[in-house]
Amino acid sequence: NAGVMQNPRHLVRRRGQEARLRCSPMKGHSHVYWYRQLPEEGLKFMVYLQKENIIDESGMPKERFSAEFPKEGPSILRIQQVVRGDSAAYFCASSPWRGGSYEQYFGPGTRLTVT
Amino acid sequence: GIQVEQSPPDLILQEGANSTLRCNFSDSVNNLQWFHQNPWGQLINLFYIPSGTKQNGRLSATTVATERYSLLYISSSQTTDSGVYFCAVNYGQNFVFGPGTRLSVLP
């Protein structure tokens with residue numbers, strides 16, 4: 001039973017390029033969350049998605065960042081025109097259907113470096 | 001929004017020692033999880049514990065939801081326990097993480 005998969009594990013982009021981060025949830029999980037962790041800091045919630053729906057994007061920067069979770073395929077976090085401040089570890093988590101309370105399982109993260 | 005605090009922020013132990021990590025939160029929550037982020041950055045689920053007490057080997061956790069805190073106990077610590085321990089609470093539709101406790105276990 002594979003866990004949450006994220007790729008790539010490491011991504012280097014020059015300023016102004018686009019970064020695409022992928023997340024495949026655990027089998028049977030229909031809820032996906034994205035978090036950002038800056039160096040030496042805790043994780044900050046960015047966005048919560050279900051298949052084809054964005055449920056909560058209150059933690060997502062208003063510009064340059066977008067996320068999707070299509071009917072087929074992985075969830076994608078897209079960062080356009082990256083800047084040095086976007087350098088961070090981006091973690092994806094998934095959970096099973098929501099029945100009042102639920103447990104999140106995290107992927108290994110994607111470490112984005114903007115040069 | 002909810003505030004999540006963890007103490008102590010840093011902890012240095014000699015191998016074999018015991019420790020208690022604390023997580024306080026400012027509002028009622030649906031659930032709480034403890035994670036260990038190892039030195040390679042991986043987040044490992046330790047406990048899903050909205051209330052009560054659970055044990056897993058040398059680790060145990062207690063959440064007193066009515067008093068808005070949770071404790072993580074590590075007994076007979078090992079060098080492989082080093083890393084950052086986070087608590088995270090489910091508040092509304094997302095999880096809010098505490099700032100973490102950085103644990104260093106010395107041989």
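Proteins come first, then strands; the chains are lettered A, B, ... in the order of their sequence lines, and each starts at number 1.
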Exercise for the section: Answer yes if B:Leu32 and A:Phe45 sit in the same cluster of Ile, Leu, Val, Met, Phe, Trp and Tyr residues linked by side chain heavy atoms under 4.5 Å apart, and no otherwise. Expected result: no
Practice task
Could you tell me whether A:Gln17 atom CD has more than 12 heavy atoms of other residues or ligands within 6.0 Å of it?
Solution key: yes
Handout entry: Atom CD of A:Glu63 with >12 non-hydrogen neighbours under 6.0 angstrom
Key = no
Exercise for the section: Could you tell me which of B:Gly41, B:Gly100, B:Ala88 has the largest number of non-hydrogen atom pairs under 4.5 Å with chain A? Expected result: B:Gly41
Exercise for the section: Keeping the roles fixed (side chain from B:Asn45, backbone from A:Tyr105), state whether a donor-acceptor pair exists under 3.5 Å. Expected result: no
Exercise for the section: Report, as yes or no, whether the 6.0 Å neighbourhood of atom CZ on A:Arg15 holds more than 12 heavy atoms from other residues, nucleotides or ligands. Expected result: no
Practice task
To the nearest 0.5 angstrom, please state how far the CD atom of A:Gln104 sits from the CG atom of B:Leu43.
Solution key: 10.5 Å
Problem - Contact class of B:Gln37 relative to chain A, heavy atoms under 4.5 angstrom - result: side chain
Practice task
For atom CD1 of B:Ile12, decide whether the heavy atoms of other residues, nucleotides or ligands shown that lie under 6.0 angstrom number more than 12.
Solution key: no
Fill in the blank from the handout: From the list B:Phe86, B:Phe95, B:Phe35, ring pair (Phe, Tyr, Trp, His ring centres under 6.0 Å) partner of A:Phe106 resolves to B:Phe35
